[in-house]
Amino acid sequence: MARVAQVTSTPPGLTSERGCAITGWGSALPSTVVTNQQIMTLFDTSDEWIVERTGIHERRAADGPFVSPRPASSPPNGMGTTAQLAAQAGAQALAKAGLSGADIDMLVLCTTSPDQPIPATSSPVAEALGIKGGGMDLNAACAGFTYGLVVACGLVAVGAEKILLVGAETLTRLTNWSDRSNAFLFGDGAGAVVIEAVEGEGSLLGWDVGVDGSLQPLFFADYGGPGMSMRGQEVFRRAVRMTVDSATKSMERAKVSAADIALFVPHQANLRIMTAVAERLGLPEDRIASVIGHTGNTSSASIPIALAEAADSGRLAEGDTILLAGFGAGMTWASAVWRWEPGRPR
Ligand code: UT7
């Protein structure tokens, strides 16, 4: 698939010399920590097994099925919905960019755990942040945020100036807490970025997205069902292959090699998947942005949370080339090579 900068036909009245840059970022985690020791009270497992198989030490839980039946050990934390987490991360990203909700042309909320079937969860988020420009949900499971980056840059290419892109999840509401094969994996949280139009080539240097709908049975949750159901080993194997293939395509399209990548920001599903992908791409482990140890798998939110934590801890310098890559239920996958340039004039 062609990258945005290679699109040759320009809609009337628009210039092809428009790119996009990330100018603000933020993240939000509910305050309730769920340790592996707490998971051990639910079914037969151990801290050692979970850490060795996944790299996860703890995850966060919004108010809901995990927190509510356990008021003594986990009192409500006031973060009960995907919209609340999204609004908190979005407000941080707006503040960092020096903008308010009124400046935003479109809110794109990537989530696989919307608060209701109708309306889209972007509606309460737009209300909380004072956004009137437009709002929609995007569900591409754990690849959602990277899909969202491509969508946001497409919107900028056809004339939008400022986009708020959020990944937010309350997966603990969809977790089957009696299923020991996967209940230890998931957590709640949100991450957000502001994307603004800039003159000339933008920060999106190469991208790739894909879906293989024949793999739906590997990972799904039904309305009214017991929660998420996953064939872990089969997802694991495909995740490594798909992520490596997709990232390789994005890097080829961006004309960069592993040596050019300052930071790899993968979907945080399992530390073993993240390191296996990095190794196959020729990226040293110290260039992986990892938050999975304290967040678990937060699906659409995992990449923007990892990105925001990397930026806030000084791991990113202006002009750095970064690689983002995710995969998830569907199965979906997506990757992007991105130049980190929040200081770009706009
Ligand atoms: O977000 C995108 C989608 N999700 C993913 O990317 C997840 C992909 N999959 C995975 O991360 C891994 O498959 C898991 C972490 C879910 C499981 O790890 P695994 O290394 O694939 O374990 P396994 O399912 O092959 O199970 C190995 C053993 C089995 O015992 P036997 O048959 O070897 O005796 C399981 O019964 O571990 C046992 N087991 C457990 N033991 C302790 C399964 N669950 C547990 C548990 N605690 N919670």
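Index from 1, following the sequence. These numbers come from a predicted model, not from an experiment. Order of listing sets the numbers, starting from 1, for every ligand and every atom in it. Note that these values count all heavy atoms, side chains included, but never hydrogens, waters or copies made by symmetry.
The contact set between ligand 1 and Gly232, taken as ligand atoms under 4.0 Å from a residue heavy atom, comprises 8 (C), 9 (N), 13 (O). Heavy-atom proximity to Phe219, at under 4.0 Å, picks out these atoms of ligand 1: 3 (C). Heavy-atom proximity to Thr45, at under 4.0 Å, picks out these atoms of ligand 1: 42 (C), 46 (C), 47 (N), 48 (N). Listed by number with element, the atoms of ligand 1 under 4.0 Å from a non-hydrogen atom of Thr54 are 15 (C). In summary, the atoms of ligand 1 found under 4.0 Å from a heavy atom of Asn297, numbered by their order in the structure, are 1 (O), 2 (C). Atoms of ligand 1 lying under 4.0 Å from at least one heavy atom of Phe327, given by number and element, are 2 (C), 6 (O). Those atoms of ligand 1 that come under 4.0 Å of a heavy atom in Gln233, given as number and element, are 13 (O), 21 (O), 23 (P), 25 (O). If you number the atoms of ligand 1 from 1 as listed, the ones under 4.0 Å from a heavy atom of Arg272 come out as 20 (O).
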Evaluate the side-chain contact (heavy atoms from CB on, under 4.5 Å) criterion for residues Ser290 and Gln268: first the C-alpha distance (whole Å), next the side-chain angles of each, then the deciding distance (0.1 Å), finally the verdict. CA-CA 7 Å; Ser290 174; Gln268 317 272 311; 4.0 Å; yes

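Note on residues 153-171: pairs passing salt bridge (charged side-chain N to carboxylate O under 4.0 Å, His left out), not counting sequence neighbours, are Arg18-Glu161, Lys162-Glu196.
Protein heavy atoms are absent from the 4.0 Å sphere centred on atom 32 (O) of ligand 1. Distance remark: protein heavy atom present below 4.0 angstrom from atom 44 (N) of ligand 1.
Put simply, the residue from Leu281, Leu205, Val256 that forms a side-chain contact (heavy atoms from CB on, under 4.5 Å) with Leu323 is Leu281.
Nearest protein heavy-atom contact of atom 19 (P) of ligand 1 is Arg53 NH1, 3.8 Å. For atom 35 (C) of ligand 1, the closest heavy atom belonging to the protein is Arg180 NH2, 4.2 Å. The protein heavy-atom contact nearest to atom 5 (C) of ligand 1 is Val235 CG1, 3.8 Å. Nearest to atom 11 (O) of ligand 1 among the protein's heavy atoms is Asn270 ND2, 2.7 Å. Taking atom 4 (N) of ligand 1 as the reference point, the nearest protein heavy-atom neighbour is Met230 SD, 3.3 Å.
Residue Val291 is found in a hydrophobic cluster whose other members, listed by chain and number, are Leu29, Ile305; membership requires side-chain heavy atoms under 4.5 Å apart, directly or through intermediates.
Closest heavy-atom approach to atom 26 (O) of ligand 1 within the set Phe43, Trp49, Phe184: this belongs to Trp49.
In plain terms, the two heavy atoms of Ala168 and Ser113 that are nearest each other are O-OG, 4.3 Å.
Ring geometry for Trp25 versus Trp340: interplanar angle of 30 to 60°, hence tilted.
Between Arg339 and Glu341, some side-chain heavy-atom pair lies under the 4.5 Å cut-off.
For Asn182, the heavy-atom gap to ligand 1 stays at 4.0 angstrom or more.
Ser246 and Asp208 form a side-chain donor-acceptor contact under 3.5 Å, judged by distance and modelled atom types alone. With hydrogens and angles left out, the side-chain atoms of Asp188 and Thr170 include no donor and acceptor closer than 3.5 Å.
Taking any N or O of Phe186, backbone or side chain, none lies under 3.5 Å from an N or O belonging to ligand 1. In terms of N/O distances under 3.5 Å, ligand 1 is not approached by Ser181.
If you take CZ on Phe145 and OG on Ser302, they are separated by 10.0 Å, rounding to the nearest 0.5 Å.
Close placement of the Trp49 and Phe184 rings is indicated, their centers lying within 6.0 Å of each other.
Between Arg173 and Asp115 there is a salt bridge, since at least one side-chain N of the basic residue sits less than 4.0 Å from a carboxylate O of the acidic one.
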